[in-house]
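Contents: one structure, followed by commentary.
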Amino acid sequence: MTDLRLEALSASTAAAANSLTLKPGQEQFVQPTTYGVAESDVKPSSAWTRVVLDGDRVVGMIIGTFDEDNREEELRSAIWRVNVAADAQGRGVGRFAVHGLADEARSRGFERLTVVYEPGGDGSPEAFFRALGFEVVRETQYGDHYAVLAL
């Protein structure tokens with residue numbers, strides 16, 4: 001996987017992005033409760049959606065949000081979702097996507113990137129985010145971890 005690149009989600013990549021198959025058990029971690037409750041507070045115009053391509057194949061997708069005025073600290077410069085195809089996991093696709101989002105956050109003047117995720121258990125993204133340098137700041141009222149990456 002040396003030909004990774006990020007592209008804006010488009011009509012030609014949407015079907016592949018929406019049909020990415022995760023490893024068994026990971027589906028339950030796709031949207032933590034905190035984000036499910038906060039979804040109505042997110043402006044569609046603040047979304048930053050990109051697919052990760054390896055050559056011509058969609059191997060991942062990342063959705064971020066940039067809304068410096070959001071009343072919820074967790075949603076100002078945040079990773080909303082990272083999905084990597086099961087057969088592409090462990091090859092740097094997720095790391096590449098998060099680094100791309102972090103670069104975008106920096107270019108917009110943000111000093112940190114946040115993520116909320118459900119901790120523990122098989123398939124949890126906790127080890128992934130910790131390996132990227134995210135530090136858990138607190139738990140949300142729903143028991144999800146709120147973590148921050150200093151940019």
Side-chain angles (χ1 to χ4, degrees), residues 1-9 13 16-39 41-42 46-68 70 72-151:
M1 298 219 167
T2 57
D3 191 23
L4 295 180
R5 68 185 188 285
L6 284 173
E7 273 187 16
L9 184 69
T13 59
N18 288 330
S19 62
L20 286 170
T21 303
L22 304 175
K23 288 183 178 177
Q26 290 180 329
E27 295 85 7
Q28 73 186 45
F29 297 103
V30 169
Q31 182 169 336
T33 303
T34 302
Y35 282 172
V37 171
E39 198 164 25
D41 292 337
V42 176
S46 72
W48 190 84
T49 306
R50 299 292 185 272
V51 292
V52 180
L53 292 140
D54 182 16
D56 293 331
R57 179 178 172 230
V58 174
V59 292
M61 178 178 70
I62 188 163
I63 303 172
T65 184
F66 298 111
D67 181 6
E68 64 187 337
N70 195 300
E72 299 295 331
E73 180 182 25
E74 295 92 339
L75 302 177
R76 293 183 188 147
S77 172
I79 296 172
W80 192 259
R81 180 172 291 174
V82 179
N83 291 354
V84 176
D87 65 349
Q89 291 181 22
R91 298 182 185 169
V93 174
R95 177 180 295 272
F96 179 80
V98 171
H99 283 224
L101 183 62
D103 289 345
E104 181 67 20
R106 253 186 239 98
S107 76
R108 293 176 183 229
F110 290 97
E111 295 180 356
R112 62 194 207 156
L113 184 62
T114 64
V115 68
V116 173
Y117 60 85
E118 189 176 325
D122 289 339
S124 168
E126 184 166 25
F128 169 74
F129 287 120
R130 287 184 182 270
L132 289 175
F134 283 85
E135 295 183 18
V136 175
V137 175
R138 62 177 168 80
E139 280 191 8
T140 71
Q141 65 187 16
Y142 304 103
D144 297 323
H145 281 180
Y146 169 57
V148 173
L149 176 68
L151 302 175

What is the distance from atom [atom1] of [X] to atom [atom2] of [Y], rounded to the nearest 0.5 Å?
X	Y	atom1	atom2	answer
Leu9	Ile62	CG	CD1	13.0 Å
Asn18	Met61	CG	CE	6.0 Å
Asp87	Leu20	CG	CG	9.5 Å
Glu72	Thr140	CD	OG1	10.5 Å

Q: With sequence neighbours excluded, tell me which residues meet ring-ring contact (aromatic ring centres under 6.0 Å, His included) with Phe110.
A: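 With sequence neighbours excluded, Phe110 shows a ring-ring contact (aromatic ring centres under 6.0 Å, His included) to Phe66, given in chain and number order.
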**Q.** Qualifying salt bridge (charged side-chain N to carboxylate O under 4.0 Å, His left out) pairs, either residue in residues 134-143, two or more places apart
**A.**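 Residue pairs passing salt bridge (charged side-chain N to carboxylate O under 4.0 Å, His left out), neighbours aside: Glu74-Arg138.
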Q | Qualifying residue, where the test is side chain to side chain contact (heavy atoms under 4.5 Å, CB included) with Phe134 and the options are Thr114, Ile79, Val148 | A | Ile79
Q: State which residues pass side chain to side chain contact (heavy atoms under 4.5 Å, CB included) with Val136; sequence neighbours excluded, sorted by chain then number.
A: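 For Val136, the residues satisfying side chain to side chain contact (heavy atoms under 4.5 Å, CB included) (neighbours in sequence not counted) are Tyr117, Arg130, His145, Ala147.
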Q: Walk me through it: do Leu6 and Val51 pass the test side-chain contact (heavy atoms from CB on, under 4.5 Å)?
A: CA-CA 6 Å; Leu6 284 173; Val51 292; over 6 Å; no
Q. Which is it for Asp144 and Glu118 under the side-chain contact (heavy atoms from CB on, under 4.5 Å) test, yes or no, and what are the steps along the way?
A. CA-CA 5 Å; Asp144 297 323; Glu118 189 176 325; 4.0 Å; yes
Q.
List the residues meeting salt bridge (charged side-chain N to carboxylate O under 4.0 Å, His left out) with Glu7, not counting sequence neighbours, and say none if there are none.
A. Arg5
Q) Taking only residues two or more places apart in sequence, or in another chain, which ones meet Arg112 in a salt bridge (charged side-chain N to carboxylate O under 4.0 Å, His left out)? A) Glu73
Please list every donor-acceptor pair under 3.5 Å in which a side-chain atom of residues 97-105 meets a protein atom from a residue at least two apart or in another chain.
{"unit_1": "Asp103", "atom_1": "OD1", "unit_2": "Arg106", "atom_2": "NH1", "d": "2.7"}
{"unit_1": "Glu104", "atom_1": "OE2", "unit_2": "Arg108", "atom_2": "NE", "d": "2.8"}
{"unit_1": "Glu104", "atom_1": "OE2", "unit_2": "Arg108", "atom_2": "NH2", "d": "3.2"}

Q: Would you sort out whether Leu132 and Leu149 count as a side-chain contact (heavy atoms from CB on, under 4.5 Å), showing the intermediate values?
A: CA-CA 8 Å; Leu132 289 175; Leu149 176 68; 5.7 Å; no
